[in-house]
Every structure is written in C-alpha cells, then in structure tokens.
Amino acid sequence: MDLISTLVINGLATGMLIFLLAAGLTLIFGLMSVLNFAHGGLFIWGAYTGVWSYQLSGSFIIGIIVAIVTGLLLGLITEKLIIRPVYGNHIQQILITLGFMLVLQEFIKVVFGPNQIAVSPPAFLQGSFYVGDVIFIKYRLFIIILGLLVYFVSMFILKRTRIGLIVRAGVMNKEMVQSLGINIRLVFMLVFMVGAALAALSGMLHAPYSGVIYAEMGLEFSILAFIVVVIGGMGSFSGSLFAAILVGIAQAFMAYYVPALSLAVNMLLMTVVLIFRPQGLFKAKG
Amino acid sequence: MNLAKVEKSTWIYLAISLLLVIVPFIVTGRSMQFIIIQFFIFAIFAMSYDILLGYTGIISFGHVMFFGIGAYSTAIVMNRFDSTILSFILAIIIAIILAAIVSLIVGMLTLRLKSHFYAMLTLALAGLFLVGAEKWRSLTGGNDGFTFSLPEILRDSQSLYMLCLLSLVLIFFGLRRLTKSPFGRVLMAIRENEKRTESLGYKIVHYKVIASVVAGVVASFAGVLYSISLRFVNTSVFATDMTIDVLLMTIIGGVGTLIGPIIGAGLVEFAHHWLSSLADVHWIFERWIILYGIVYILVVIFFPLGIVGTIQKKFFNRQNYQKKKQQNPRRKLDEGRKEDEDELYRNG
Amino acid sequence: MMSSLLRLNQVEAFIQKFHILHDISFEVPKGEVTVLLGRNGAGKTTTLRTIMGLNKVSKGSINFQGEEIGNLLTHRIANKGIGFVPEEQGIFGELTVGENMRVAMKKEDEQTTKRMEWVLDLFPDLKKFWKKPGGALSGGQKQMLAIARAYVNENELLLIDEPSKGLAPIIVDKVTESIQQMKEQTTILLVEQNFLMASKIGKKFYIIDDGRTVHSGQMDELKEDKVLMKKYLGIS
Amino acid sequence: MEAILETKDLSIAFGGHVAVNGVSVKITEKKFTSIIGPNGAGKTTFFNLLSGQLTPTHGTIYFKGRDITKLSTTNRTRLGIGRSFQITNVFPNLTVHENVRLAVQSQANVRYQMLAHFNHYKQFKEKANELLELVFLDDKANSLAVNLAHGEKRKLEIAMLLALETEILLLDEPTAGMSLEEVPAIIDVIKKIKGQEDRTIVLIEHKMDMILGMSDEVLVLFHGELIAQGTPEEMIENETVQSAYLGGQYDEQLT
Amino acid sequence: SDSDSTSGDSEDNTSSSNESEEATAETGETIKIGVLASLTGALESYGDQTKKGFELGIEYATDGTMEVAGKKIEYIFKDTETDPTVARQAAISLLEDEEVDFLVGSSSSGDTLAVTPLAEEYEKIIVVEPAAADSITGSEYNDYVFRTARNSSQDAFAAAAAVAGEGVKIATLAPDYSFGHDGAKAFISAAESLGAELVHEEYADQAATDFTANIQKIIEKKPDYLYVVWAGANTPWNQIVDMKVEDHGIKVTTGVADIATLPTMTALTGMEGFTLYYHTLPDNEVNDWLVEQHKSKYDGAVPDLFTAGGMSAALAIVEALKQTDGDTNTDTLIETMEGMSFETPKGTMTFREEDHQALQEMYSVTLEESDEFDYPVPVLKRALTPEETAPPIMNQ
Ligand SMILES: Nc1ncnc2c1ncn2[C@@H]1O[C@H](COP(=O)(O)OP(=O)(O)OP(=O)(O)O)[C@@H](O)[C@H]1O
Ligand SMILES: Nc1ncnc2c1ncn2[C@@H]1O[C@H](COP(=O)(O)OP(=O)(O)OP(=O)(O)O)[C@@H](O)[C@H]1O
Ligand SMILES: [Mg+2]
Ligand SMILES: [Mg+2]
C-alpha cells in the first residue's frame, strides 16, 4: 500500500511536470495546429535564463519570472519571424521550426557555454518528509500544486472567453475569422506567446527537478510533449493533463513491475491509444 | 511528339548519371567519394520518403525503421556468415523481405489514421524498434554497435561508388515510372482528396499500403547501402534524428517531385560538410550549426515549396500567365503544350 | 437623395499572377439592395473578396462612407461595419452551430441578443441543431448558418454571395423577406444567380463580365429588357 | 418496369437525430427520378447511403436485386453507382484535365498499372478532353482545380461523374451556384443523357423548373421520411409539399 | 580536394614551434596525427577536454619543440559530431587526404567503433581516447587499436576495490543501454570475485525524469552498497537523497565524472567512490606540469576528466616514436607499443600486449566539502595500482 502510494504520488508529480511541458504545446500544436519543433528550444531558453537569474539573484521566484519573460519575448520573435509565414502548412512548419530549434539550441552554448549546469531547488523546497511510511518530496508537491494552478487558470481563460473558439476557428478558416472583424494575427501571436511562456516556465521548473540543465534536453522533452498532446486529444487541456498523469504513473509502475519494458512505455502507451482511440482520449470522434 | 518529350528529360537525367560515373575518376580522394556515396544513399532514402510524403500525402515520423531494418539485416548477415558476395545478396534479400513484411503490417495497422495521428504512431513504432535494437544486445551489440567485414569488391571505394550510383539511377527511373504510371496518378489523387478518390472507384487503403511497402523496401535498401558504406552499425540507424534528416532533405528539395529529394539530399550533405569544415577556418564558425539552422529557415522563406517545387511553380506560373494574356477564353489549347505543363508542374 | 455608401472606382485586382479584375466601378446607394450579375468566372466573387480586403487592390479605389478602405486589413474593414457571407459559406466545421455564432458575435449586448432571437426565428433549424458541429449540417443548413452569422451583428453594409444557393424555395422566400426587412438599416450588396429572387429585392444592378463592369441599370428595366437579359444572362 | 435500385426501410441516425427514417423506394431503371424536400430533409444523407459513404443503422439497399448494403463506396462505384457531390469535392492541386482523367482511368479499369506511363493511354486523354468540352471547361483544362470559380467547379464535378459512365447517376444539386446562362446548357447535357435512355438518373434539386421539366417521378422527403411520391404534376399539387417546401414562390417560378 | 583545412594548430601553440619549423626544414619530414573528437553536440565538453589535453601532451612530450626524432609533429582535429557517419567520413579524410600516421579518438564508443576498421584497412594505429566500451579492445579488437582510455571494466574494478569485500551485499543502478549494462556487469563480476554478493541489478531509462520506482526497489532489497553507473546529464542523485537511501543503511558509491557534474553530486557529500582523474589526485611531475600549464593557458581553469586522457594519448604516440626513432612503419610501431610503458599525468601506463589496453592508475576517493568551491570535490583515499584494476582480456 505504501509502495503504491509512493509510486502514485511520484508518478503524479512527474505527470504534472510533463503536463506543464505539454501545456504550451497544447496551445501551439493542439489549438493552433502548428507543428512547432522549436518548442524544445523555448523550453531550454526558459531553463537557462531562469536558472541563470535564480543563481545570480538567489531568488527562485525571480528565476521563474525571468523564465516567463524570456518565453514571452522569444514567443513573440518566433511567432513573427518563424511561424507567421507558415501557418497552415505543416511541411514548411517542420522545416523552419527545426532550423530554428538548431539555432536556439546552439545559441545556448554561445551564451551559457557548452557545459551542463547543476541546479538545486531553493532551500524552502529542498528535502522530503514522511507521512506514515509514504515519502513526500517537497519540490514535487510544489510541482503538483503549480501544475494544477496552470491547469485551472488556463481552463478558466479558455472557457470564459471566446479565445479558444476564435483560435480554433482561425485555424479552420482564417479568412472567415478576419471577415468577422477579428484580428486573428494578433490573437495567434498572443496565444503563441503564452504557449512559449508556458514552455519556458516548464523548463525552469524542470531544472531543479532533474538537477541539471543542458542544451540537448530540449528536443528530448518536446517529443514527450507531443506524445502527451496526441494521447490526450489535440487541443484539449484536460486531455493533456490526464495523458500527462497517465504517462507519469505508467512510467513509475512500469519501472517497478515490468522494468524490461520501461524504455518503451511512452511509445507503447501511444501506440495502444492511437490504435484504439485515434482521436485521443479526450476528444469526441469527429 | 509526346514520346520525344519524355525521352528528352530522360536523356538529361541519363547524361547527368553518366557525368556522375566519371566523377570518381576525377575526384579520386576517397573522403570526397565517401561524401558523395552518402549523398547517393540519402538521396535514395529521401526519394522513398517522398513516395509517402509528396505523392501520397502521408507524413511519417518513423520512416527510419525501414532504413534501420536494412542496415541491421546486412550487418548481422555479414557478421554471421562469410564475407562473400553471396552473403551480401542474401543480406539484401532478407532486408527487402523484412522491410516488405513490416511495412505491410505497419501499413495495414496504421494507414487508416489521419495525418498527425499516423505520424505520431509511426514515431512510436520506430521508437519501439530503437528500443528493440537497444535491448537485443546479443544480436545488435546495443547502442555501441558492432563492425563487420565485407568482400573485397565492396570494400573498394570506387566500386562502392558505382554500386550506389547505379542503385540511385535505377531506383530513380523506377520510381519515376511508378509516379507517372496510372497508379502513381491515383496516389496523387489520394494526397489531394481521399474521399473523392474512393468514390471514383479506387480502393485507397490498397494504394496506401502499396505505397508504404514500396517506400519501405526502397528505404531498407538505402539502409543496406548505408551499413556497407560504414561497415559498422549501431542504434543510430533507428534514431528519430535520421527520420528528421530525411524529412528535411525531402522538404528542402521539394515534395512531390523525385528530383527534389535528390537535390535536397545533396544540399543537406554538402552544406553540412562545408559548414562544419568552416569551423577549422575561423573560431567564429565553431558554432556553424547556427548557420546550418539558418539555411533551413532561409529555404522556407525563399523556396516555400522546396527548391525544385518553387522553381517549377515559378516556371509554370509564368507560362500560364503568358498564355492567359494571349488567349481569349474559349480558344482551344494546343495539346502538346498542355501535357507539357502538366508534366512540368508535378514531376521531377 | 441617396448617398452612396460604397463606391468602387476602376478597381483592378490580381490573384497571384493572374489579372482577374480589370475595371470594376460601381456604387452602392445607402438603404438599397444592389445586385451584381454575371456568368461563372466573371469576377463577382473576386469583387466581393476584394472589398473585404481578402484580395489586394492593385489599382483604383474602394471608398466606404467617404473613407478609402482599399488596402486595409480585413478585420479593420469588417470592423467598419461590413459583414460578409462568402460563397463557400466559411462554416467552421468542427465548431458547433452555437460556437459558430459565438465567434461571429462582436458584442454581447441586448441588441445582439434581440437580433439573435430574430435570426433563430428566421431559421429554426439552427436552434434545433445548436450543439451540432457545423460540418455535419446539410448544405442548406450551412447556408442558413452563414447568413445568420452575418445577421447577428449590426452592420452598415452586408456583402452576400449567392445566398439562395442550395436553399429550398420556402427558405429562399424567408431570406428574401429578411433582406427586405433589413435593408432599412443595413445596405446590401448581393451576388445572386436566382434571378427571380434578385429581381424581387434588387433595385440597381451591375453586370460584370471578364473582370469589368459592362452594364448597369435598374432591376425593373432589366426585367423588361429581353435583349440585355439574353446577352449577359442567357435568359430568354 | 424494372427497379434497378431499391431500398427497404432504410434509416440512419446521427446521435439521437434520425436523418433518414424508414425510407422504402424503388427507383426505376432508365428513368429520371427527382428528390425534393426542405433543407435538412435527408436528401444528401439518402444519397450517401446509396453510394456507400454512410452505413445505414437500419434497412437494406438492393441493386438489381442484389443486397449491397454492406459494400464499400469503391465497390458500389465499380458496380455502377456514380455520384456527384453537393459540396464541391475535387482534387484541388491537380489540373482540371487530370481530375477528369482520373475518373476516366477508373472507368477503364486501369487501377494498379505501375509500369506504363500514363501518357501511354492516349484514349483517356482524349476522352477527358471531350468531357471537358461537353461541360464548357475545355479552356480551363490546364488550370489547377483550386483556381476555378465556384460554378466552374460544379461543372468539373459533373464531368468527373460522367466520365465514370455508371448506369446510375446520383446528382446532388448539380447546378447550385451555376450561372443563369449556363444552367440551360447543363440541363441540355443532362437531357441528352436522359435521351439516350440507357442510364438511370436520380437528381436532387431545389430548382423546381428543372424538376418539372425532366422528371418521370418525384420523391418528396420530409424530416427524413418519404412523405409523397408521384409525377411532378401530382407533387406540385400536393398540399403538404406546397406548405412545407415550396412556400409562395413556386408558381412565380413556373412562369 | 575541399575546404578541409589542415589546421595543424602548431603555429599558434608556442613560440618554440617556430624554431621547430626551421628544424624540420632540414629533414623535411612531418608526422601527422589526426584527432577525432566530439567538438559539437551533446559530448562537446568531452571533445574539448581531449583536444586541450592532446595539445598539451604533444607540447610536454616534445619539450615544446613539436618535434620528435628530428621530425615535426603536426596534428589535425576533426569533429565527429557524435555521429558514426561523420566520424567515419572524418577518419577517411584524415587517412586519405591528410595521410596521417596516427588516429586518436574519440569521444563516443559508437563513433570509435565506426572508425577502428579503417585503422586496420589503412594499417595505421588508432589510439582510442576516451571511448570506454569494453568491445573496442574486446570483441571488436584489431591489432591497430591501442587504448589509453580506461575501459568500463577498469572502472568496475576501481569501484569494486572501494567497496566490495567478503559478504558485502551490493546492488547496481545503471542506465538501460550499452554503457550502463557493460559497467554494471563488469562491476558485478569484479565485486563477486572479491566475495561480494549481488542482491539487485536495476536499469533505468536514461532519459527518465523519475527514478522513484527504481530506487524504491533497491531500498527493498536492502544492500549494503549501491553502485551507480551514470553518465550524461539526467542524474538520479537528487532523488537518491530525497528518497533517503542512506537512512536505510545503504551506502551509495559511484564514479566521479567531470567537474561540471560535481555540483549535481552535492547531496552525495561524504560518499566513497572512485575516479579515473581529478587534477589534485595523481601525485607526479607530469600532472603537476599539466595542471600548471592548463591553468596558465586557459584562464585558471584546471584540467578535467579527459584532459589527462588526451594528454596520455599524445604521450603514448610520442614515446613510441622516440623508441622507433621516428620510424612510422606501422608494424614496427605495433611491436614497439605492445608492452610499452610511458609516463602520463596518471602515472605510468602500460599497453598490455594481449589486447592493447593501457593499464593505469585509478583513484579511490571520498567526496568532501571544499572551502574553495560550493560543491564537493573528490579527495584521494588511495591510488589503485594498474594491476589492481587490470580488466580481463576479452579479445580472444
Ligand atoms: N486562385 C486563383 N488563381 C487563378 N485564377 C483564379 C483563382 N481564383 C479564381 N480565379 C479565376 O478568376 C476568375 C473569377 O472568379 P470568381 O470566383 O470571381 O468568379 P465568379 O464571378 O464569382 O463566378 P461564379 O459565378 O462561378 O461564382 C475565374 O475565371 C477563376 O477561374
Ligand atoms: N455526419 C452527420 N452527423 C450528424 N448529422 C448529420 C450528418 N450528416 C447530416 N446530418 C444531419 O442530417 C440531416 C439531413 O441532412 P442532409 O444533408 O441529408 O439534408 P439535405 O436534405 O441534403 O438538405 P439540403 O437540401 O440542405 O442539402 C440534417 O439535419 C443534418 O444536420
Ligand atoms: Mg462566385
Ligand atoms: Mg443536401
């Protein structure tokens, strides 16, 4: 029982971390239908700038703020220069965002050097404690709370405003949305910036979790994010949350009970979901 | 008249092939030859990818699985048997049969899915192959990989060059014929509008599966050549990076043309080689990968349809435009020119 | 004295490299229904799209309420009070009928709610299928939705491209009637192939041929002018 | 008279909504049948059931006495049921000519030929050109279909259907959006086919003059149900039809 | 043929190289060495260390003359990008276009294996550095391969020496790919030969973000020692501490890698383990020189994990040339190098005759807090002699 609780709680924390990572992509890929392979680049830039300012200032909060600001700025630049010319064309998106990903990743090394950088959680989030026989790691609880926060805020915004609808409509028929008097460019830009900021934030939060950051981690994690968005059902925040937790918990349990398959768990999960429910878990068939 | 037309482009391609035959006698440096050989191999791989992406409209993120199957089949056979031509032929046969079986199964299992989902599913399947290669260490040597020996003739750079060139030329003409056959036309129709193709009386799943098998087998063959050109194999032949590379080559060259992927492969290989060698010229180029990334971005901006695609479109538009200017609406068109442009726009 | 709300003067436009509009000039008087006629491929749709800013004006001017709107961005033009019912309907297939309407609504005030009620009375089918994805509607229902979306907002001018297409006669009647009701507040520029409908509500007409406005006049006269009808519209 | 196509108690529901409800009809061979009904009555859905785009939740479809309910679209086309679409449905980035040629090729049963060049089949090309002339699109043969004006796409749609040379032609509002000038010409095309008396034509239209001028029989769908059936004249007189479908306009239209 | 320039970096090395140019003018002969390393990509920092170490090694071995036996030494670095294709292309270009006499490399075992057959084909010696896979001098061995780097088995012996003993219960945690399996297996057999008892072997996804399940399992098996094999960035250290492994009476031990990873090991302060190099550990002249020169040349930075390795490769080559008196005939060289001993920053190394693996010192260490840095540093407990960590011969 304690074992199960431990696995569940840690799986949940991992899931939340993955969710934070996928949340940005849910907007950019799920909602705007942009195959953004530079997502990982936004992630590492968030991580590096955030960690840099965290270590410089000694304040974790400042680190988080800097990461978010970096995400917004980079999102702005990315959207204007890279994404805008290629909306609606997946093939061009792949090429241009991969190119940009290389630039972002390599630039990290120019600015911050090629070595990995070690990061530890701020003092107030360090360590772990027992409740009964179950171990709770503070930083993970923090991640869980933050993940839920991001989820509820996003849901609130999407449900309460027309933004979500407008973006989806804009993807289906941009001209029509414009003809209805909506500045879809601006909307896309803002949504993209928010997506980028979420990516950057998750990069920053990921850093103390794994203890190090390095330039190559971007692509690795963005593939995971794509998987989660697809499993959850494109564009569904709840789907991404559910899928991320599913992936997190599956990883934990597989690693414990079927270690031989733990390398393959993400891929297996996605294969099974896509074969039996191609539209993703949280999407009505259509 | 039409025949003469077709032959003309064929002649041009043949002439280029002949030129390439002479190259190794001029460029005797084996390292340059090695680069050109890699270019041939990736050109084959990219063409196979374009059968899926450009002609049938299927984005796959897992095409590398067939490439890897080819590479591992060869490496394992050559490692376990004598290094004779006979074993090499056996290796090719095994590679092709395995790839055909796997692509058939993957095709039947997955091709009913829509774009993204198909792409992600193939990504997952290729990922499983990668894990498999990692785990079955007794056979594959895990991620470090293993080396193997080859019969003398295949070790010779010159003859390897010729083998790869010959394969490229044959496969190019073979695939070109395929894409211009009635069958190939139906593939393009599927790319454009699946449902409508169905109601014209074509069974689209059959077509997609056949396309996927053709692409799989050709990719596997590219994998065979790749592993003999390296005489070494490791799990990198199943890595997603490889799919991404071939995807980039195809897109840069121009999807939906066969010459496009070849040009794309050449461009990527040589740009990579050239840019990375800049690192020796000046420290400022140590971060040459940034330039490499910028090349991709520029290609999209200046050649939105890929290099070949964009040039063709420009050409097509200009001709069409001129024609539109000269003609009044109801005049009948000259048949020859009509076919020409149709050709021009869609084919390599 | 009617002032003209919209005036096109020698407008030329290209689609990619193709010169589609050569010389389009016409005026849309306020408070009336003006009709554009012409055979397939004449450039009617392109004209409307050019007014909406979906095509660039390469030459000439488009004047709306005394203001040049020639090369403004589409959403700016729309926000000046121009509504658009496109030829291909422009339904957001994966959004429900209700969501389609919500995307269209610029405001959520009382006025809009009233209009919404009126629109739903006009097309009860929409109310019935409120939660159905737009893509699953029948052809005619889609057409109704496209019209309804343009109706919910308060507009100075509506550009409507072939509204009767695919509608049952009884619905065509309703649409005709609704346009008649609306024209007091909202001026309408109509492209219509259903001559019967066009002649009922249209006041002034222009004929477009090969990207040029080649003829204009009063709808009443056109009905009598068999020669003209035959020449440009093929009606005998 | 032989019934070439017959449905028995055909129904389909989407979620809770029954779009076609217990329709049993016989469509007579080599005759011209029209289907009318208000928007959303289920006409297109009925076509989708006949051509295999949709599978009925209930009921059976017979083609020449054979149960084809479970056959795929492809197989039904091959058997001889061809259709055109209400929403324009062509291959956007292929040329107009290629669009038609693909249909011709299918009709000629050249499907898996991978080795010959497509130009090898000269007759396809010629046939495609003929068809394009027939629908007045010959001057657009080399344009990409995506660049056609709406009405032109409708014509292309018809040319593609004709190319299939199927015994049954299911036409879903073929003239919607077509200009006044060209409608008569298309009607002529349809009449010509009718005149050859070797095809069965089923037409969905809202243009009453077309229905009246050509139909041998008219079916009226309403809320998914078949509410009336008879000659055009009978239907025009039918009160339900008048109130539910025609409204006040029909008599003006007739003049 | 193309723009692959010969960047024989020697020009900008030291002023002494200018003199050497005149000297070579006399004999007119140069010896060329091609060095393959990951100069970009994920292993970039390793490549960089090898490069710096190699340059310093040549300088040291030739006393700054860049000459041996009257012949000028020239070296060329090539980037493998950690991609076997690129590695092979680079190697061919070195062997063909540059006609190098030696190859050195490379940062990844895969890249190295793609290249070793070329050494055989061109009959040139390749000095493997710092790739560690056992198979390079094991199943994939050929006569032209010499390795100055330690192999995974040596690591394992070093680790085992630190912890294993009669009746000690051990468990391993390693990443689930070749490197991890090799390392864990070698450790287990080394430890078992010392009388230890294996209670659990755990392999984890190297890209995983969560090691809870793996650590949990280890805790349940109650070993005395947990040996962790890890490389790459995504480390399990924080979680090992967070899950209070030590509280369960389990001692963690591992190899200490490059300096950049030390801060990630803060939580493991006090741990006993081993390392193959840390600049304060070896006590000999060569290392003193290395540390000093490195500091003065690179802004006070100290040499890192593979800097010593890069230097050792250079020293091995120069030593061999000295012994052959500049003769680059490969057979002669092989004969010379088999069994050859040479001085390195890690003491005396010896190429074992059977498999050409250099036997070398390893270091048993404790991670201790330091005043200088805000991360723990390895402090020498005991230098392990080359014989102590001699791995089994695996190329038969
Ligand atoms: N994207 C395009 N590229 C090239 N030509 C185009 C494009 N779009 C439209 N055209 C051409 O422009 C001309 C005008 O088209 P438009 O759609 O304005 O005609 P229309 O009068 O609305 O016809 P319809 O009654 O059929 O709707 C047509 O000849 C059409 O083929
Ligand atoms: N795929 C679908 N999913 C859900 N409902 C559908 C679907 N297709 C059609 N319907 C519904 O079924 C009903 C009948 O639609 P259908 O398209 O057959 O009408 P129709 O008679 O062709 O009308 P119109 O004259 O407007 O084309 C409509 O209410 C429509 O909303
Ligand atoms: Mg139009
Ligand atoms: Mg319909």
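First the proteins, then the strands, lettered A, B, ... as listed; each starts at 1.
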Is chain E contacted by the side chain of [X], its backbone, both, or neither, given a heavy-atom distance below 4.5 Å?
X	result
A/Lys109	side chain
A/Phe221	side chain
A/Tyr130	side chain
A/Ala252	both

Non-hydrogen atoms of chain A under 4.5 Å away: do they reach the side chain of E/Asn238, the backbone, both or neither? side chain
Measuring heavy-atom distances to chain A, does E/Thr266 have an atom under 4.5 Å in its side chain, in its backbone, in both, or in neither? neither
To the nearest 0.5 angstrom, please state how far the [atom1] atom of [X] sits from the [atom2] atom of [Y].
X	Y	atom1	atom2	answer
E/Ile219	A/Ile135	CD1	CD1	7.0 Å
E/Asp304	A/Asn115	CG	CG	7.5 Å
E/Thr235	A/Gln116	OG1	CD	7.5 Å
E/Tyr375	A/Ser120	OH	OG	14.0 Å

With E/Asp210, which of A/Asn10, A/Leu7, A/Ile18 fulfils side chain to side chain contact (heavy atoms under 4.5 Å, CB included)? A/Asn10
Start with the C-alpha distance between A/Tyr256 and E/Glu220, add both sets of side-chain angles, then the distance that settles side-chain contact (heavy atoms from CB on, under 4.5 Å), and finish with yes or no. CA-CA 11 Å; A/Tyr256 192 85; E/Glu220 283 166 16; 2.4 Å; yes
Tell me, do A/Gln251 and E/Thr212 make a side-chain contact under 4.5 Å, heavy atoms counted? no
Of all the heavy-atom pairs spanning [X] and [Y], show the shortest one and how long it is.
X	Y	result
A/Pro259	E/Lys217	CG-NZ, 3.3 Å
E/Gln216	A/Leu3	CG-CD1, 3.3 Å
A/Pro114	E/Glu44	CB-OE2, 3.3 Å

Decide if atom CG of E/Asp247 counts as having more than 12 heavy atoms of other residues, nucleotides or ligands within a radius under 6.0 Å. yes
Are a donor atom and an acceptor atom from the side chains of A/Tyr209 and E/Gln239 found within less than 3.5 Å of each other? no
Under 3.5 Å, is there a donor-acceptor pair between the side chain of A/Ser128 and the main chain of E/Asp242? yes
Any donor-acceptor pair under 3.5 Å from E/Lys244 side chain to A/Phe129 backbone: no
